[in-house]
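Input: a single structure, listed below in structure tokens.
Throughout, a chain's letter reflects where its sequence line sits, starting with A, and its residues are numbered from 1. Atoms considered below: every heavy atom in the structure, side chains included; atoms not considered: hydrogens, waters and symmetry mates.
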Amino acid sequence: GNSVTQMEGPVTLSEEAFLTINCTYTATGYPSLFWYVQYPGEGLQLLLKATKADDKGSNKGFEATYRKETTSFHLEKGSVQVSDSAVYFCALTPSGGYQKVTFGIGTKLQVIP
Amino acid sequence: AAGVIQSPRHLIKEKRETATLKCYPIPRHDTVYWYQQGPGQDPQFLISFYEKMQSDKGSIPDRFSAQQFSDYHSELNMSSLELGDSALYFCASSPQRTPHRTDTQYFGPGTRLTVL
């Protein structure tokens, strides 16, 4: 079946540090890939997405590139802020669309001033 | 922009009681999904509906049922509540299916259910 593996947290960084959260997936065909973010006490927000190989999703300074050859979708940001502190979920939906989202376990990011 | 609306946002129930959670999708979204997120866990898929018909079923207990109405809103009915049902319940919706479809799911803020 489909699965998403992401690095376990928590990840603690100083403000303005570079962020990488690794994510790899297992799925047949060409799934759509997503990063969702959950701020403390809040719901899930779509951060970025990519629907085909070599696509780069980007939003709010975050980026991730769909790498079919390595089945990866790593999240990066060049300079994190305290306000980026949240839990980040890598996720996929299978080829064909309109199916359930399979989430990774989530990586908690804490940015300290 | 309009988002997915869920009500109530918080709900406290006793064991063996029933609960009804409501979800109002984004306008012109016809597919609704329900997820359950336990403390410190990733969301787990429960059930989905497309055009008022069940389209997929996940790890939803038999004590739970759901439906989608003609205005596309959905309700999750939970009976004989157990302590383990305490969780954050998310609803998500995705847009109407067209040749250039996008199946991106947009999540609501969630309903936090606490069973005492």
Whatever's closer than 4.5 Å to a heavy atom in chain A on B/L88 counts as side chain

Interface moiety of A/L46 toward chain B, non-hydrogen atoms closer than 4.5 Å: side chain

Side chain from CB out, backbone as N, CA, C, O: work out which of these in B/P109 comes under 4.5 Å of a heavy atom of chain A, or both, or neither. backbone

What residue in A/A91, A/G106, A/G104 has the most heavy-atom pairs under 4.5 Å with chain B? A/G104

Salt-bridge test for A/K77 and A/D84: reply yes if a basic N is under 4.0 Å from a carboxylate O, no otherwise. yes

Portion of B/Y35 that has a non-hydrogen atom of chain A nearer than 4.5 angstrom: side chain

Kindly state whether the ring of B/Y72 and the ring of B/Y24 have centres lying under 6.0 angstrom apart. no

For A/Q45, which atoms come within 4.5 Å of any heavy atom of chain B: side chain, backbone, both, or neither? neither

So for B/Q41, is it side chain, backbone, both, or neither that comes closer than 4.5 Å to the heavy atoms of chain A? backbone

Ring centres under 6.0 Å, that's the criterion: do A/Y36 and A/F103 meet it? yes

Validation row, ring centre A/F62 to ring centre A/Y88 under 6.0 Å: yes

Which portion of B/S48 sits near chain A, non-hydrogen atoms under 4.5 angstrom: neither

Side chain, backbone, both or neither: which part of B/Q6 has an atom under 4.5 Å from a heavy atom of chain A? neither

Look at A/E63 together with A/K56 and state whether they make a salt bridge at an N to O cut-off of under 4.0 Å. yes

Report yes or no: does A/E42 contribute a side-chain atom to a donor-acceptor pair with the main-chain N or O of A/Y39 at less than 3.5 Å? no

Hydrophobic cluster membership, B/I5 vs B/L21, 4.5 Å side-chain cutoff: no

